[in-house]
Amino acid sequence: MKYNPNQIEAKWQKYWSENQTFKAANDSAKPKYFVLDMFPYPSGAGLHVGHPLGYIASDIYARYKRHKGFNVLHPQGYDSFGLPAEQYAIQTGQHPEKTTKENIARYREQLDKIGFSFDWSREVRTSNPDYYKWTQWIFIQLFNSWYNNDSDKAEDISTLTAIFEKEGNATVNAVCDEAIVPFTAAQWNAFSKEEQEKILLQYRLTYLAETEVNWCPALGTVLANDEIINGVSERGGHPVIRKKMTQWSMRISAYAERLLQGLETIDWSESIKESQRNWIGKSVGAAVTFNLKGHDEKVAVFTTRPDTIFGVTFMTLAPEHELVTKITTPEQKQAVDAYIEATAKRSERDRMADVKTISGVFTGAYAEHPFTKEPIPVWIGDYVLAGYGTGAVMAVPCGDERDYAFAKHFGIPIKNIFEGVDISETAYSDKENTVIADSDFLNGLDYKKATQKAIEALEQLGQGKGKTNYRLRDAVFSRQRYWGEPFPVYYVNDLPQMIETEHLPIVLPEVEKYLPTEDGQPPLGNATVWAWDTANHKVVSNDLIDHVTVFPLELNTMPGWAGSSWYWMRYMDTHNNEAFASEEALQYWENVDLYIGGSEHATGHLLYSRFWNKFLKDKGFAPTEEPFKKLINQGMILGTSAFVYRFTMGTDVLFASKNFIVEKDGQPGVYVAFDSAQNKYIITEQESDFVPVLKIHADVNLVNASDELDIDAFKNHALYQDYKNSQFIANENGKYIVGREVEKMSKSKYNVVNPDDICEQYGADTLRLYEMFLGPLEQAKPWNTAGITGVSGFLKKLWRLYFDDNGLIVTDNEPSKEALKTLHKTIKKVQEDIENFSFNTSVSGFMIAVNELSAAKCNERAILEPLAILISPYAPHIAEELWQALGNEGSISQVPFPVFDAKHLVESSKEYPVSFNGKMRFKIELPMDLTAAEIEKIILADERTIAQLNGNAPKKVVIVPGKIINLVG
RNA sequence: GCGGGUGUGGUGAAAUUGGUAGACACGCCAGACUUAGGAUCUGGUGCCUUCGGUGUGUAGGUUCGAGUCCUAUCACCCGCACCA
């Protein structure tokens with residue numbers, strides 16, 4: 001019987017589906033284990049071989065855990081709201097829902113072919129109303145909450161209004177907007193309902209605010225900071241500008257400290273944690289206010305070095321700072337205005353790229369030093385960013401490089417306040433070795449003590465206090481798109497009102513066009529039935545809007561990250577209509593034990609998910625503080641692009657092999673001539689007409705493993721019709737060799753390799769093994785099918801341990817000691833490797849085992865049955881087939897993992913390597929139970945030792961029993 | 001600039017607490033069986049050479065012994081980037 005992967009795999013995939021083999025129970029006596037993949041966006045291009053890498057790894061782990069007796073939750077779903085479907089809709093008029101459904105069907109088909117053990121009964125789609133009902137519900141919870149710094153958690157807004165009614169807002173320690181006007185209880189109670197609503201918006205965890213946003217004109221939408229790469233949009237690469245708009249925001253800044261501290265408790269890669277720390281950007285220092293001379297205004301600054309306050313010789317404001325126009329003197333007005341205009345013209349990108357140029361203008365105004373009362377000139381400069389801290393700095397040129405450079409450039413005095421330090425060339429920013437001098441009451445103190453004392457003194461003056469600043473900004477939560485979650489919000493007198501949760505979901509309305517409206521409103525502005533009837537609790541026609549009982553609904557939709565910020569909890573109880581998941585389900589599954597996905601989500605999805613999880617924890621819905629205990633980032637699989645080199649001779653178009661490309665004047669070129677004898681172009685040694693070469697992507701499917709192009713197929717390919725009559729200059733073997741380069745796998749580079757083709761040709765088990773065999777999971781690596789025959793051959797060899805041409809050859813004979821040793825060595829290795837996520841090495845472990853067992857002609861059931869279980873997480877189809885062939889009933893998937901027994905590995909003797917000065921010279925077989933002294937005696941008497949030492953006695957003998965012998969001559 | 005990571009044969013890569021460097025594969029070479037093979041099987045394969053030497057980016061150090069530990073340095077990749 002031959003190994004026929006296609007037949008076996010179809011059979012078992014059908015079996016698993018029909019028997020719901022991988023359906024997880026919410027009530028099980030077994031310990032739980034939750035293995036999660038980052039769910040895919042179902043794009044039109046389908047899966048390529050890079051997508052399943054993480055899924056295969058998590059599937060191996062999930063299957064292993066089932067063998068180990070865990071109740072495993074291993075679900076899959078789709079992050080199905082998104083821009084590509086919407087853009088396709090704009091182009092074709094096709095409803096994004098239709099495109100999305102088609103794409104999902106294709107994804108599902110591809111995923112099924114790889115044999116994943118997903119519990120599909122729990123599938124989620126973020127674009128399903130059943131799902132986004134709960135995304136809307138969570139939004140409402142956020143709206144109805146505020147962050148209490150005293151209890152250090154989110155609380156219901158009613159606890160805030162209770163305080164307002166009794167004490168006003170003076171005693172409230174909340175995370176809120178900067179510009180809060182104080183009021184008393186009496187004032188609060190006297191406010192109109194609308195005034196109260198406006199104030200509460202400044203405290204809510206999601207709030208409407210006029211914010212400067214990243215506006216992308218080409219996409220007609222707002223982008224979050226992490227959706228912008230190098231100043232252009234992540235999707236499409238369109239330019240982005242700053243613009244003021246009223247937008248929903250999420251007060252993620254309230255959770256900055258908890259998001260930072262939580263990182264210490266989770267098992268994630270250091271690089272991702274570091275990215276998040278960086279993104280949160282905590283800095284500890286002080287807020288200081290400087291009085292302005294001749295003005296009532298004050299300048300607020302944040303500094304991490306309050307200890308250097310006596311070194312302040314000037315201040316710098318960001319050009320956009322609101323005080324600039326107020327304080328600029330008439331003499332300086334022209335220069336300041338010109339500078340502001342010049343800065344505004346420069347794009348964010350230019351400003352970022354150009355760090356070297358020092359520029360700035362004096363405003364003519366002076367601030368007053370809080371202690372010395374000396375005048376301090378106030379400058380503006382674009383090295384100060386409006387968006388960080390207060391948009392103003394106290395400049396201490398002796399202690400900060402940028403201040404130093406600025407002062408030198410404009411001839412501002414530099415005052416040295418460090419003891420024993422030369423600052424004639426550069427600033428001194430070493431905190432640890434700082435000793436303050438020339439600073440009144442701070443003299444002689446180190447950084448820590450001086451900081452503390454400076455803050456105390458500032459507090460006494462009422463001009464400062466200790467403060468911690470975070471780089472993390474609140475996240476804009478509105479998008480001017482169609483294909484996203486609608487907000488459960490309507491407007492009464494421009495004030496947002498939440499729809500009662502029992503009326504959710506608010507379903508996305510139908511529109512004629514998916515573009516923004518002509519008057520610049522978001523696409524939902526095209527909807528004609530998009531008003532909220534507060535009497536009948538339903539969405540009604542816009543014609544009925546009377547601003548009495550029927551009100552307009554929100555036109556923005558939620559961003560892409562809304563639906564993905566809580567989806568793991570929906571898997572716990574997918575079909576619940578009463579809650580996003582039942583309390584019992586949440587208590588049982590708790591959180592994700594293992595999460596596998598790409599590192600590109602480091603500061604997006606992985607941060608927002610932690611934020612929402614913490615919020616839901618505060619409100620008593622989520623059971624744990626952190627959603628993902630362990631995170632593994634799989635490396636990207638890169639494509640290996642193929643290139644052909646096109647050039648022209650007269651009117652002829654020719655292609656030369658990579659081998660023939662030579663460089664000329666730094667340009668690629670070839671030497672080519674027409675050979676009239678052969679009646680074709682040939683490559684010559686001689687330089688003839690130089691013609692520039694054009695590098696063209698050739699579809700990798702037209703190239704074999706030896707980089708040879710199928711020339712006929714190329715000429716007949718629809719893509720290359722222009723080259724139908726071109727000549728190819730072959731090498732001496734008559735082959736055309738393409739050039740290869742590693743690039744990102746992408747449709748436009750024609751380097752996409754499809755998993756379906758691999759499954760078709762070799763089988764899913766081979767694909768699974770090969771993707772794991774490629775190298776360490778977390779490492780980026782180019783896809784190259786060259787080695788796939790190795791794992792394919794391995795599976796055939798495995799099969800032949802069980803079958804010959806006539807059928808099953810497994811016996812019930814007693815296995816040999818050697819076979820048992822191989823088995824148990826493999827159990828140990830595979831178990832350790834899986835637990836360390838070292839899947840590549842366990843594949844070679846299997847190969848070694850099968851090689852050994854084949855060589856020993858092992859066909860005993862006592863070996864081959866456990867072997868099938870061992871390999872089942874990796875190659876589940878063949879494992880099921882072998883398991884069944886051995887006469888077992890049902891699926892192998894829950895069978896206990898073989899237990900390692902060390903007794904089979906005990907050796908009676910060891911082949912010791914004998915080294916001289918650390919270099920191995922010969923080996924000697926010795927019994928294991930010899931002592932070091934006995935070994936030494938034998939070794940010293942050995943003639944090879946005597947020869948190595950020229951008959952001399954060794955200076956030193958190192959013997960580690962069971963390991964090595966080393967002699968020093 | 002700061003932070004994180006990676007450097008090992010022709011290629012992908014292995015290597016417990018420091019203990020035989022290159023497991024396992026691909027490729028290549030030779031052979032067997034074949035009309036044939038991109039099927040299957042066997043053997044060989046780090047590099048330089050004749051013994052022997054030499055080898056884990058480079059230069060040092062610690063050690064009986066270093067891919068592994070320490071110091072310096074180079075290259076590449078990723079993230080953040082005038083963060084006060």
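Reminder, nothing fancy here: chain letters follow the sequence lines and each chain counts from 1. The shown structure was predicted, so the numbers you read here are calculated from the model rather than taken from an experiment.
Using a 4.0 Å cut-off, no side-chain N or O of A/Lys963 falls inside it from OP1 or OP2 of B/rG19. Dashed line: the shortest gap from a side-chain N or O of A/Arg921 to OP1 or OP2 of B/rG53 is under 4.0 Å. A close approach under 4.0 Å does occur between a side-chain nitrogen or oxygen of A/Ser283 and OP1 or OP2 of B/rA84. Taking 4.0 angstrom as the limit, A/Gln779 places none of its side-chain polar atoms (N or O) nearer than this to OP1 or OP2 of B/rC77. Between B/rA81 and A/Arg471, a contact under 4.0 Å exists linking OP1 or OP2 to a side-chain N or O. Of the side-chain N and O atoms in A/Asn851, one or more sit less than 4.0 angstrom from OP1 or OP2 of B/rA25.
Checking A/Tyr383 against A/Asp403 by side-chain atom types alone, a donor-acceptor pair falls below 3.5 Å. A/Ser283 and A/Asn469 are not linked by any side-chain donor-acceptor pair at a separation below 3.5 angstrom, with hydrogens and angles left out of the test.
Ring centers of A/Phe406 and A/Phe314: under 6.0 Å apart, within the cut-off.
Set against B/rA21, B/rC64, B/rC80, the side chain of A/Met920 has B/rA21 as its closest nucleotide. With B/rA84, B/rG4, B/rC80 as the choices, the nucleotide that has an atom nearest any side-chain atom of A/Thr304 turns out to be B/rA84.
In this entry B/rG31 has B/rC41 as its Watson-Crick or G-U wobble partner, both defining distances falling under 3.5 Å. Under the Watson-Crick and G-U wobble criteria, each requiring two contacts below 3.5 Å, nucleotide B/rU54 is paired to B/rG46. For B/rG3, the paired nucleotide is B/rC78, the pair qualifying as Watson-Crick or G-U wobble because both relevant distances are below 3.5 Å.
Using a 4.0 Å cut-off between a side-chain N of Lys or Arg and a carboxylate O of Asp or Glu, A/Glu852 and A/Lys821 do not qualify as a salt bridge.
Contact annotation for A/Ser915: no contact, since no heavy-atom pair falls under 4.0 Å across all strands. Residue A/Lys273 is out of contact with every strand shown, counting any heavy-atom pair closer than 4.0 Å. Nucleic acid contact for A/Asn840: sugar-phosphate only, since backbone atoms but no base atoms lie under 4.0 Å from a heavy atom of the residue. Counting any heavy atom pair closer than 4.0 Å across all strands shown, A/Phe846 reaches no nucleic acid atom.
Remark: the separation of the P atoms in B/rA14 and B/rA25 is 15 Å, to the nearest Å. Between the P atoms of B/rG7 and B/rU11, the separation comes to 15 Å (whole Å).
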